[in-house]
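Notes to accompany the following structure.
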Amino acid sequence: MNTPKRYLITAALPYANGPVHIGHLAGVYVPADIYARYLRLRGRDVKFVCGSDEHGVAITIKARQEEVSPKEVVDKYHNMIKQSFDQFGITFDIYSRTTSKVHYETASEFFKNLYDKGLFVEQTTEQFYDNEAGQFLADRYVSGTCPNCHNDGAYGDQCESCGSSLNATDLINPKSALTGTKPELRETRHWFMPLDRYEDFLRNWILEENKDWKSNVYGQCKSWLDNGLQPRSISRDLNWGVPIPLPDAEGKVLYVWFDAPIGYISATKELTTDWEKYWKDQETKLVHFIGKDNIVFHCVIFPSILQADGTYILPDNVPANEFMNLENDKISTSRNWAVWLHEYLDDFPGKQDVLRYVLTANMPETKDNDFTWKDFQDRNNNELVGILGNFVNRAMVLTNKYFDGKVPQSGSLNEEDQTVLADIKQYKAAIEDNLEHFKFREALKEMMNLARLGNKYLADNEPWKLIKHDEQRVKTILNISLQLTANLAILAEPFLPNTAVALKEFINQPDKKWEEAGSGQLLETGHELNKPSLLFAKVEDEEIQKQLDKLINARQKAEASDIEPAKEEISFDEFNKMDIRVGTVLEAEKVPKTKKLLKLTIHTGLDKRTVVSGIAEHYQPEEMIGKQVCILVNLAPRKIRGIESQGMILMAENGEGKLVSVVPDEKFQEGAVVR
RNA sequence: GGCGAGGUAGCUCAGCUGGUUAGAGCGCAUGAUUCAUAAUCAUGAGGCCGCGGGUUCAAGUCCCGCUCUCGCUACCA
């Protein structure tokens with residue numbers, strides 16, 4: 001493979017509705033930063049761009065909840081994220097945002113350009129518009145009378161009474177679910193990206209030309225392509241986002257997935273007037289670092305957009321990672337099960353490298369991985385302190401003790417000395433090879449092997465014994481140990497940048513290039529070293545316990561506040577409309593070809609009837625048989641998977657979506673009324 | 001259910017186009033050692049390579065079926 005002339009590295013834009021956590025770091029930002037630092041050290045031309053993704057419905061909802069403007073929401077998180085990345089040492093050349101002026105211009109131009117070339121499919125439909133709320137209504141937000149069965153409570157997408165699927169415009173007496181007012185019909189236009197037209201191109205480009213992509217990425221793409229691509233809408237009726245740059249398109253913005261990836265381009269534009277070299281020259285290598293949830297956008301959709309434009313290059317690789325779990329449980333923002341970067345930085349000041357190390361060593365490169373605080377402690381104490389910190393300290397302390405902190409002169413080299421020096425070269429080559437292929441875990445391991453080698457070398461040669469009768473030999477041993485340390489100062493930098501700075505300070509040698517590593521002559525004889533301090537401190541049990549307690553507390557708090565808000569008050573009459581009875585399950589079986597559905601036959605006291613219920617993930621069919629339940633018997637029947645469901649079983653649901661049946665306290669007569 | 005990715009030592013993972021006694025780090029056991037933050041070094045124990053078939057002189061590695069985990073997707077009055 002030829003060395004590319006220049007690199008453009010992108011890291012997924014964090015969504016500005018919350019702070020960044022270790023899952024984001026392990027999946028995207030740490031590997032991207034290691035890669036970027038490594039390439040810079042090698043003197044390559046690199047631009048590393050990122051920024052906040054600040055549009056989309058989720059942000060408008062969050063803003064409404066917190067009773068602030070969307071702009072205030074994104075300002076808050078953008079600044080927070082930017083600052084924590086900065087403190088953590090992620091070396092973006094620019095961290096921009098999709099609300100920047102340049103981005104608005106870039107994204108509009110991009111749209112306009114494709115629009116002018118006639119590459120979008122335009123569709124005008126009539127949709128209901130709520131004047132009071134000032135927005136278009138999705139079908140399910142409209143209710144009215146069903147044109148088929150004249151049931152009053154039909155929704156815009158479906159009538160639950162007769163089961164027929166509807167368009168909102170079919171309803172008689174439509175009402176807005178938001179305000180209860182009568183919506184008016186307005187024409188609305190939307191633009192679609194006809195992805196199906198790019199299938200051949202994508203098939204060839206990914207499946208033929210990029211067989212070397214990671215298997216998880218390649219497989220996902222193949223899956224999408226084999227299932228056939230559909231046109232995707234790139235516009236939305238919303239007032240928060242990049243406006244569609246066309247006349248009569250008020251209230252329409254670019255849909256986030258069109259908007260966000262273009263943010264990479266905008267950020268590059270803001271960074272340099274030379275931006276076109278990085279986006280349009282075939283000799284640039286473009287690499288997207290993302291998490292697995294983003295594969296389709298970066299491998300299928302964005303490349304189609306770039307291809308449609310025709311002047312842009314395509315990504316050379318998309319090394320998506322899987323997910324990081326936390327203490328055997330999925331990281332979850334809503335359940336507050338996460339280690340937040342800004343909190344880590346507060347709790348462990350000066351320990352950026354420790355987190356970088358642990359996240360790299362456990363990076364979810366091939367499958368989901370688990371972060372535990374115990375592992376964090378073990379890796380810090382055993383590997384960073386015990387192996388790396390310890391070796392450096394030994395070499396430095398011995399030199400200070402015997403040779404007054406000056407690099408001693410090496411004598412003739414024996415076989416072992418030569419092997420060690422040759423190994424340094426080999427490890428360097430292995431680190432490079434692994435980094436070039438996005439194998440960060442392995443690369444880190446090779447770097448640590450260098451320190452292991454040093455410890456072994458010292459243990460085998462025992463300079464503290466030799467000093468009594470063979471000073472010349474000790475000089476050689478320590479010279480080599482120090483050369484090894486100097487190599488570590490260079491080779492550790494992509495992974496542990498702060499440690500590398502400290503090491504360079506110890507050996508009093510600030511500026512060495514990556515290419516110089518592998519040499520046994522980095523330090524000249526007589527070169528004066530500085531006094532070392534400890535590179536890493538032990539992490540005590542109490543600190544770990546504190547973090548574990550913090551996690552549990554945070555989750556409990558989140559769960560407590562996660563309780564659904566109270567619904568509107570209703571009258572007794574309204575309540576009384578519901579006919580809930582005690583029933584007994586007679587038969588239960590799984591609905592074939594579904595994951596969640598059970599078909600139940602229930603004795604209600606009034607009759608025996610069939611109910612289809614989405615509980616199969618919580619109850620086995622056999623444990624339902626004979627069980628008593630509460631059943632809403634006067635609910636309009638509805639066909640589910642071809643089976644008519646005549647009622648609904650009452651279930652309690654918690655914040656995690658777990659279901660528990662609501663049953664009478666003791667065995668009770670079927671048909672008994674619940675009220 | 002469909003599709004994708006995984007299932008290899010107690011834990012986290014390597015094992016490329018099939019080839020001698022299946023590897024690494026951590027953990028564990030034993031020993032050595034004291035320059036070093038009781039750190040380090042050596043040795044060792046520990047694996048029906050998810051299960052069952054098949055192809056082959058030869059399979060963790062290829063093919064078929066099954067099973068479990070994760071993700072996307074459909075179903076969730």
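Chain naming here is simple, since letters A, B, ... match the order of the sequence lines and numbering starts at 1 in each. Just so you know, these numbers use all the heavy atoms, side chains as well, and skip hydrogens, waters and symmetry mates. Just so we're clear, the structure is a prediction, and the values are computed from it rather than from any experiment.
- Inspection of the A/E322 and A/N369 side chains reveals no N or O donor paired with an N or O acceptor under 3.5 Å.
- Residues A/K428 and A/D423 are not paired through a salt bridge, judged by the lack of any N-O separation under 4.0 Å between the basic side chain and the carboxylate.
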Would you list the protein and nucleotides 6-11 of chain B atom pairs, both N or O, that sit under 3.5 Å from each other?
| unit_1 | atom_1 | unit_2 | atom_2 | d |
| --- | --- | --- | --- | --- |
| B/rG6 | OP1 | A/S215 | OG | 3.2 |

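- Here A/F536 lies in heavy-atom contact (under 4.0 Å) with a base.
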Please tabulate, for the side chains in residues 438-449 of chain A, all donor-acceptor contacts under 3.5 angstrom to protein atoms that are two or more places apart in sequence or on a different chain.
| unit_1 | atom_1 | unit_2 | atom_2 | d |
| --- | --- | --- | --- | --- |
| A/R441 | NH1 | A/M363 | O | 3.0 |
| A/N449 | OD1 | A/R452 | NH1 | 3.1 |

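- Comparing the P positions of B/rG53 and B/rA14 gives a spacing of 28 Å, expressed to the nearest Å.
- Remark on RNA chain B: of its neighbouring residues A/N328 and A/N449, the 5'-side contact belongs to A/N328, judged by nearest-heavy-atom nucleotide.
- B/rA22 and B/rC13 have their C1' atoms separated by 14 Å, with the value rounded to a whole Å.
- Computed from coordinates, the A/Q220 CD to B/rC70 P distance equals 16 Å when rounded to whole Å.
- A/D370 and A/N362 share no side-chain donor-acceptor pair at under 3.5 Å.
- Spacing between atom CD of A/E416 and atom P of B/rA42 amounts to 11 Å, rounded to whole angstrom units.
- Taking for each of A/K401 and A/G386 the nucleotide of RNA chain B with the nearest heavy atom, the 5'-most of the two is the partner of A/K401.
- Rounded to whole Å, the distance from NZ on A/K292 to P on B/rC70 is 10 Å.
- Straight-line distance between the C1' atoms of B/rA38 and B/rC49: roughly 38 Å, to the nearest whole Å.
- Here, B/rG60 and B/rG44 have their P atoms 25 Å apart, quoted to the whole Å.
- Taking a pair as Watson-Crick or G-U wobble with both distances under 3.5 Å, the runs of three or more consecutive pairs in RNA chain B are B:1-7 with B:67-73, B:10-13 with B:23-26, B:28-32 with B:40-44, B:50-54 with B:62-66.
- Phosphate contact (OP1/OP2 of B/rA24, side-chain N/O of A/K445, threshold under 4.0 Å): absent.
- Here B/rG25 presents its P atom at 14 Å from CG of A/N455, a figure rounded to the nearest Å.
- At least one side-chain nitrogen or oxygen of A/N382 sits closer than 4.0 Å to the OP1 or OP2 atom of B/rG27.
- A/K456 has its NZ atom 7 Å from the C1' atom of B/rC41, to the nearest Å.
- Protein atom CD1 of A/I477 is 16 Å distant from nucleotide atom P of B/rA36, rounded to whole Å.
- A/L225 has its CG atom 12 Å from the C1' atom of B/rC3, to the nearest Å.
- Within a 6.0 Å sphere centred on CD of A/Q409, heavy atoms belonging to other residues, nucleotides or ligands number 12 at most.
- Counting any heavy atom pair closer than 4.0 Å across all strands shown, A/L535 reaches a base atom.
- Taking atom P on both nucleotides, B/rU40 is separated from B/rA36 by 15 Å, rounded to a whole Å.
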Collect all protein-nucleotide pairs involving nucleotides 30-34 of chain B in which both atoms are nitrogen or oxygen and the distance is under 3.5 Å.
none

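- Regarding A/E442, its CD atom lies at a distance of 13 Å from the P atom of B/rC13, rounded to whole Å.
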For nucleotides 60-64 of chain B, list the nitrogen or oxygen atoms of the protein found under 3.5 Å from its nitrogen or oxygen atoms, one pair per line.
none

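- Annotation: ring-ring contact (aromatic ring centres under 6.0 Å, His included) contacts of A/F348 (sequence neighbours excluded): A/Y344, A/W373, A/F376.
- Residue side chain A/N390 reaches the base of B/rA36 through a donor-acceptor N/O pair under 3.5 Å, judged by distance alone.
- Contact check on A/K351 versus A/D353 returns no salt bridge, with no Lys/Arg side-chain nitrogen under 4.0 Å from an Asp/Glu carboxylate oxygen.
- Contact check, A/N369 against B/rC13: a side-chain N or O comes under 4.0 Å of OP1 or OP2.
- Donor-acceptor pairing under 3.5 Å is recorded for the side chains of A/N479 and A/Q483.
- The side chain of A/R441 contributes no N or O atom lying less than 4.0 Å from OP1 or OP2 of B/rU12.
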